[in-house]
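Here is the structure we will look at.
Letters go in sequence order (proteins before strands), and every chain restarts at 1. What's counted below: heavy atoms across the whole structure, side chains too, no hydrogens, waters or symmetry copies.
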Amino acid sequence: MNKTTIIATIFILFMGFFPFLVDSAWLSIGITFLVFSVVAFSQDIILGRAGIFNMGHAIFFGIGAYTTAILNVHFGFEIVETIPFAIIFPVIIAVLLAGPIIHLRGDYLLVATIGFNIIFEQVLKNNIFDLTGGPNGIFGIDVARIFGYELSSDKAIYYIAFFLLITTLFIIRNLDNSRYGRALYYIHKDEIAAKSMGINVSYYKLFAFALGAAIAGAAGVVFTIQYSAVSPESFNFMQSVMFFAIVLVGGSASLPGVIIGTFVMFVLPELFTEFKESRYLIFGAAMVLTMILRPNGVWPATFGNIPNYLKKKAASLKGEK
Amino acid sequence: MDIFFQQLINGLTIGSLYALVALGYTMVYGVMKLINFAHGDLVAFSAYVGLTIFSQFFGANANSIFTVITIFLFTALIVAFVGVVLERLAYKPLRTAPRLSAVVSALGASLVIQNSIMLIWGPNMKIFPSNLIPNTTWQIGGVILTFTQVIILALSAVLMVALYFFINKTKIGTAIRATAIDQDAAKLMGINVNRIIMIIFIVGSALGAVGGLFIGIYYRGLTFDMGWLYGLNAFIAAIIGGIGSIPGAMLGGLLLGLFNAMISGYISTEWADTFTFILLIIILIVRPTGILGEKIAEKV
């Protein structure tokens with residue numbers, strides 16, 4: 001067992017027993033942490049692993065949340081029944097939005113995704129088709145039920161979020177060891193080289209977008225269950241900026257990095273309400289300072305995400321020389 | 001037709017404001033290849049600084065040319081200084097770092113400036129006094145033209161022409177253009193790149209300060225988070241014109257202002273921002289280098 005596995009195991013065990021150790025205030029902070037870390041991980045697939053400058057990630061989180069809310073409130077779906085839609089819609093939107101702009105150079109892509117996020121926010125605020133509820137959003141969303149059993153307690157919601165995090169980590173682990181993960185890694189390292197080696201760059205980039213959007217959409221469902229309400233501010237582009245910053249400040253393509261980033265950006269503010277006023281000032285200063293001291297993030301991935309067996313092979317080849 | 005001419009004047013006014021702010025983005029991008037996300041917040045900051053100078057030192061004694069010039073000069077000086085400090089603290093240490101690090105640093109700096117404004121001046125809207133510039137209006141046909149609009153159009157035109165000559169006819173301007181093309185080669189030619197970048201931040205921030213003051217005078221309501229709105233619009237203007245190109249930023253600003261005004265006049269004000277960003281995305285897809293930008297071949 002290497003260091004990462006040990007840390008991951010301890011982390012997962014701790015998070016698994018967390019609800020039994022704390023009171024209800026801490027429990028809801030725990031849920032927030034789990035949901036936002038899942039979104040941050042899904043952003044990390046796009047930004048950290050594929051190296052696509054996506055600054056509109058809150059869109060997919062928001063579409064997931066709004067899909068559940070709209071289907072439940074306006075069309076009478078059970079929360080559980082909305083889950084497939086809340087995962088598929090963000091994927092469709094991700095492919096439709098990213099498709100035309102995927103070939104853009106980094107900074108242009110970044111601006112285009114900000115643009116999409118602002119359009120998304122305006123669509124929500126202007127109550128399109130009388131579905132999104134305008135600036136106030138949608139209230140009165142039903143509790144989730146599985147086989148008639150109500151999942152309304154904080155503990156139940158916590159374990160839904162925990163299950164989602166485990167699933168996400170499992171997906172990322174498999175991605176890293178798969179052909180897709182390696183393709184993304186090479187595209188990130190050197191796009192032109194990857195292209196000339198026969199990797200279909202646009203296809204894999206869209207794949208990263210779709211996978212990230214699907215996971216963010218699923219996180220949106222849990223967000224809706226937790227608050228039984230959705231509103232445009234939760235998915236505005238400042239949120240996207242936050243997710244963007246979490247991945248890069250924490251360390252891209254690094255699991256501990258993303259966890260640290262989420263903790264600092266979303267959990268610390270909940271703990272210290274005294275500095276509510278100045279908290280973004282402190283975060284801003286911390287972002288600048290972190291980038292100056294550690295341009296690759298607090299806890300960067302040490303060797304990208306090349307699978308272990310390839311690393312060993314490379315090491316043995318070096319030895320032969 | 002009255003709506004058309006009215007929106008034409010409004011659009012040109014807003015457009016010159018965008019252009020003034022866009023110049024700051026485009027110059028920094030041209031030399032450092034960095035989107036200076038903090039520039040919009042610097043613009044908002046300058047509106048607040050101007051407001052404070054006015055209310056602290058002049059109060060009732062408004063309406064004189066001397067007052068107006070003093071406010072503009074001092075605001076430009078203060079904001080230029082802050083711009084240089086911003087570059088020193090947030091960007092200079094990251095010149096050799098991965099590109100995304102500088103982007104995150106710029107976002108961090110933006111948050112710092114925005115929230116400093118909130119902590120200093122409070123989270124509520126501040127109203128810019130109306131007696132800084134005379135309230136004269138003219139009516140030509142059915143179209144209303146205010147003295148403020150005339151001043152904005154005239155002064156922005158003067159500043160842009162001045163900048164054009166500064167960049168194209170002076171020695172420092174030549175050095176700036178050389179640095180924008182190739183920093184290493186410029187260094188070999190004996191150009192002090194650090195100094196050039198400092199000059200760019202001084203000029204860009206000062207122009208942004210003028211833009212910010214005009215935004216205050218024209219719209220009057222100031223909020224601490226307005227920087228992103230004007231900043232993004234100005235940045236879109238820079239992209240439309242071709243980022244890195246100074247005439248491009250001016251042209252892009254005017255075009256975007258006209259586009260905005262026409263959408264607000266004929267279609268809807270609620271969806272105006274949406275149309276702006278749709279325009280941005282269409283331009284990025286069709287011609288990412290903008291109207292006056294050069295096509296850059298990808299390095300292999």
Side-chain angles (χ1 to χ4, degrees), chain A residues 47-48 51 53 55 97 100-101 103-123 125-128 191-193 195-196 237-238 241-242 244-249 252 277-297, chain B residues 29 33-35 37-38 41 86 89-94 96-119 123 225 228-229 232 235-236 239 243 268 270-285 288-289 296 298-300:
Chain A
L47 175 64
F53 294 13
M55 215 192 260
L97 293 185
I101 57 165
H103 62 278
L104 291 177
R105 279 195 293 140
D107 289 338
Y108 292 119
L109 192 68
L110 194 140
V111 178
T113 49
I114 294 180
F116 281 136
N117 207 150
I118 289 175
I119 294 173
F120 177 67
E121 201 184 331
Q122 282 219 317
V123 167
K125 278 189 178 158
N126 286 330
N127 197 7
I128 195 162
E191 189 174 325
I192 293 157
K195 203 182 260 175
S196 54
F237 85 98
M238 270 329 271
V241 169
M242 282 294 158
F244 188 84
I246 282 176
V247 170
L248 293 168
V249 169
S252 58
E277 284 273 286
S278 55
R279 86 181 200 220
Y280 284 110
L281 181 84
I282 296 167
F283 285 156
M287 275 155 77
V288 175
L289 201 67
T290 314
M291 286 298 110
I292 290 169
L293 298 175
R294 295 186 70 86
N296 288 316
Chain B
Y29 195 90
K33 301 286 172 284
L34 164 75
I35 305 176
F37 280 108
D41 297 293
L86 165 78
L89 295 181
Y91 302 146
K92 199 179 175 200
L94 288 164
T96 53
R99 294 201 48 198
L100 278 175
S101 311
V103 173
V104 173
S105 185
L107 291 169
S110 159
L111 280 179
V112 169
I113 297 174
Q114 196 182 95
N115 287 279
S116 305
I117 297 175
M118 191 194 77
L119 291 175
D225 54 357
W228 268 90
L229 177 71
L232 272 178
F235 187 71
I236 293 170
I239 290 181
I243 194 149
S268 138
E270 277 127 57
W271 291 96
D273 281 348
T274 306
F275 281 98
T276 308
F277 284 99
I278 290 174
L279 176 76
L280 163 79
I281 287 155
I282 291 172
I283 285 175
L284 285 175
I285 292 170
T289 47
I296 308 157
E298 225 171 321
K299 278 178 200 155
V300 180

List the steps, then state whether side-chain contact (heavy atoms from CB on, under 4.5 Å) holds for B/F235 with A/I114.
-> CA-CA 12 Å; B/F235 187 71; A/I114 294 180; over 6 Å; no
Audit row: A/I101, B/L284, side-chain contact (heavy atoms from CB on, under 4.5 Å) steps and yes/no = CA-CA 8 Å; A/I101 57 165; B/L284 285 175; 5.6 Å; no
Take B/I278 and A/I119, measure what side-chain contact (heavy atoms from CB on, under 4.5 Å) needs, and give me the verdict at the end.
-> CA-CA 8 Å; B/I278 290 174; A/I119 294 173; 3.7 Å; yes
How far apart are the C-alpha atoms of B/V104 and A/F244, what are their side-chain angles, what is the distance that settles it, and do they pass the side-chain contact (heavy atoms from CB on, under 4.5 Å) test?
-> CA-CA 8 Å; B/V104 173; A/F244 188 84; 4.2 Å; yes
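With a threshold of 4.5 angstrom between heavy atoms, A/L110 approaches chain B through side-chain atoms but not through N, CA, C or O. Residue B/F37 touches chain A through its side chain alone, counting heavy-atom pairs closer than 4.5 Å. Contacts between A/V123 and chain B at a heavy-atom distance below 4.5 Å involve backbone atoms as well as side-chain atoms. For chain A, the nearby part of B/W228 is the side chain; its heavy atoms alone come within less than 4.5 Å. A/L47 touches chain B through its side chain: at least one heavy atom from C-beta onward sits under 4.5 Å away, while N, CA, C and O do not. A/I118 touches chain B through its side chain: at least one heavy atom from C-beta onward sits under 4.5 Å away, while N, CA, C and O do not. The part of A/F53 that comes within reach of chain B is its side chain, from C-beta onward, which places non-hydrogen atoms under 4.5 angstrom from that chain.
A salt bridge is defined here as a Lys NZ or Arg NE, NH1 or NH2 lying under 4.0 Å from an Asp or Glu carboxylate O, and B/K33 with A/D107 fails to meet this definition.
For the options B/V103, B/T276, B/T274, B/L232, heavy-atom pairs under 4.5 Å to chain A are most numerous at B/T274. When each of B/I236, B/L280, B/L107 is checked for heavy-atom pairs under 4.5 Å with chain A, B/L107 comes out on top.
For B/I239 against A/V111, the heavy-atom pair with the smallest separation is CD1-CG1, 3.8 Å. A pairwise comparison of heavy atoms in A/P100 and B/I285 identifies CB-CD1, 3.7 Å as the closest pair. Between B/L94 and A/M291 the shortest heavy-atom distance is CD2-O, 3.2 Å. Shown here for A/G284 and B/L111, the closest heavy-atom pair between the two residues is CA-CB, 3.9 Å. The heavy-atom pair separating A/P295 from B/S101 by the smallest distance is O-OG, 2.7 Å.
Remark: B/I117 CD1 to A/L281 CG distance equals 11.0 Å, nearest 0.5 Å. Distance CE/A/M287 to OG/B/S110: 8.5 Å, rounded to 0.5 Å.
Side-chain contact between A/F283 and B/N115 is absent, with no heavy atoms from C-beta onward closer than 4.5 Å.
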